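Some notes on the structure that comes next.
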Protein chains: 2
Amino acid sequence: MAEAKAWPPGRIKIADALRVLLEKKDFSAITTAEIAKTAGVTEALIYKYFKDKRDLLYQVLAENLEHYHFRAHTDLKGIKGALNKIRKLIWSHINVYATDRVFAKILLLDVRSFSDYYTSETYKLVKKYTEILLEIIQEGIKDQEIRDDIPPVFLRQAILGSIENVCLTRVIFGREISPDDLTEKLCEFVFKGIEQRAVNHSTTQPLNY
Amino acid sequence: MAEAKAWPPGRIKIADALRVLLEKKDFSAITTAEIAKTAGVTEALIYKYFKDKRDLLYQVLAENLEHYHFRAHTDLKGIKGALNKIRKLIWSHINVYATDRVFAKILLLDVRSFSDYYTSETYKLVKKYTEILLEIIQEGIKDQEIRDDIPPVFLRQAILGSIENVCLTRVIFGREISPDDLTEKLCEFVFKGIEQRAVNHSTTQPLNY
DNA sequence: TAGACAAGGTTAGGAATCCTTACCCAGCAT
DNA sequence: ATGCTGGGTAAGGATTCCTAACCTTGTCTA
């Protein structure tokens, strides 16, 4: 799937058309007629390449996911330490939402309400992506950088939830997303929590940086 | 809106019918014909009481929200300390998702993809609900229980995101939700963060419990 | 080199779905 | 008795998603 090469022109035009339309409209408000017209093909062609309208959405998402998954992987190369990796992953993650609003909208809003999405190939890609974070957490626990009294899978959910929810409102209302600023705040939150630390200047110095 | 009293029987039957159908199906897969049939009324009656199919969804959600918002408020009475209040709020919040899966599905999955939802009266109720958490955070900052170097609005988003994302997968896949267990883990995460604390047995005893 | 056969695309249409317009009827106030 | 309001129905139309069948062009092969 999404072989990156050799898609017929019609298929490409259709996928691009959907991306264009999603910039301005909800997925549910976009009709197949509209997609076909924007793509410059007939409606029936959509159904040659996609099972149905949703499948088109899933496949468009999948193409983006593959790309960003690959990028996340390379972005992490050369970084030492679980917390540093998490910081970088958060930054990259937010940066994608900041620069590709259509992708953000599809992933955070459009597909989530369809229950067949969770059995799709595309959802497997999402899981593959979040696997990266899980591995970093496990590494961090092993190296004593991350606490070991909360299950890694749980931590992953909580971390991703906070990232996504912070970006979500900004995506919905078209507000600006600043990766630097948000990453800084998110890391503070995720790493240290909201509790006011004891104001004990002698013993609470951070050890790692 | 949602005057709690004096709704005509037809309206009640329609709202109930939607709730029943949502237990088994996506909102997008439910037809107006189906709703009418389940309710034992004609399709046209839906449009007497609701602007359109979505408006029906929003209003059903609104009714639940009002109820849970009220309950959250009373649940917090008599609790001292911002962190204790947050713990209780998290528990109540999760408990709602645990006991009312339809409500959870509507709020976390169904309405989010519709952009007109964010201009609806129902969304205002959601904001009113999240306002509770914001006020607690502000109180906590004032009382030095909560760190003051991250904006309260940001903290609220991050906290709610982690709560909701933790519940989300369980809602999607129909897995069990254990309020006690999840609250404990979430509070640990939210209050203290993921970073392994310095293993300094003399000074790191928790103070509050 | 005819012809089989994919691959890419179109024509035409049908079932379902959402929603509207016009109508009915009971109760009740004047 | 009459007008009017609130709750409900009947009937239909436009739109939307999707399918079946067909066309066309290039390529492989006997």
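In what follows, chains carry the letters A, B, and so on, assigned in the order in which the sequence lines appear, proteins first and then strands, with residues in each chain numbered from 1. What you are looking at is a predicted structure, and each value in this text was computed from that prediction instead of being measured.
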Check the distance between dC18(D)'s C1' and D52(A)'s CG and give it to me in whole angstrom.
9 Å
Salt bridge E131(B)-R156(B), side-chain N to carboxylate O under 4.0 Å:
yes
Strictly below 4.0 Å, N to O, side chains only: are E139(B) and K142(B) in salt-bridge contact?
no
Axis bend over the full length of the helix from dT1(C)-dA30(D) to dT30(C)-dA1(D), computed from five pairs that close each end, to 10 degrees
10°
Residue of the set D55(B), N64(B), L61(B) for which side-chain contact (heavy atoms from CB on, under 4.5 Å) holds with T122(B):
L61(B)
Separation of atom CZ in F50(A) from atom P in dC17(D), rounded to whole Å:
15 Å
Is R19(A) salt-bridged to E63(A), going by a charged N under 4.0 Å from an acidic O?
yes
So which protein nitrogen or oxygen atoms get under 3.5 Å of nucleotides 19-24 of chain D's nitrogens or oxygens?
none

Short side-chain to backbone donor-acceptor contact, T119(B) and D116(B), under 3.5 Å:
yes
Closest non-hydrogen atom pair between S28(B) and R54(A), with its separation
OG-NH2, 3.2 Å
To the nearest Å, give me how far apart CD1 (I46(B)) and C1' (dG7(D)) are.
15 Å
The correct set of residues in residues 14-40 of chain B placing a heavy atom under 4.0 Å from DNA chain C is I30(B), T31(B), T32(B)
First and last nt of DNA chain C near chain A, cut-off under 4.0 Å to heavy atoms, 5' to 3', are dG8(C) to dT11(C)
Compute the centroid of each ring, for F189(A) and then for F154(B), and state whether the two points are separated by less than 6.0 Å.
no
Hey, what do you get for CG (D110(A)) to CG (L57(A)), rounding to the nearest 0.5 Å?
6.0 Å
Of all pairs that satisfy ring pair (Phe, Tyr, Trp, His ring centres under 6.0 Å), the ones with a partner from residues 26-63 of chain A, not counting sequence neighbours:
Y58(A)-Y117(A)
With a 4.0 Å cut-off, would you call K185(B) and E188(B) a salt bridge?
no
Please determine whether a side-chain nitrogen of the Lys or Arg among E184(A) and R87(A) lies less than 4.0 Å from a carboxylate oxygen of the Asp or Glu.
yes
For Y118(A), the ring-ring contact (aromatic ring centres under 6.0 Å, His included) test, sequence neighbours excluded, returns Y123(A), F173(B)
Pair D149(B) + R147(B): basic N to acidic O under 4.0 Å:
yes
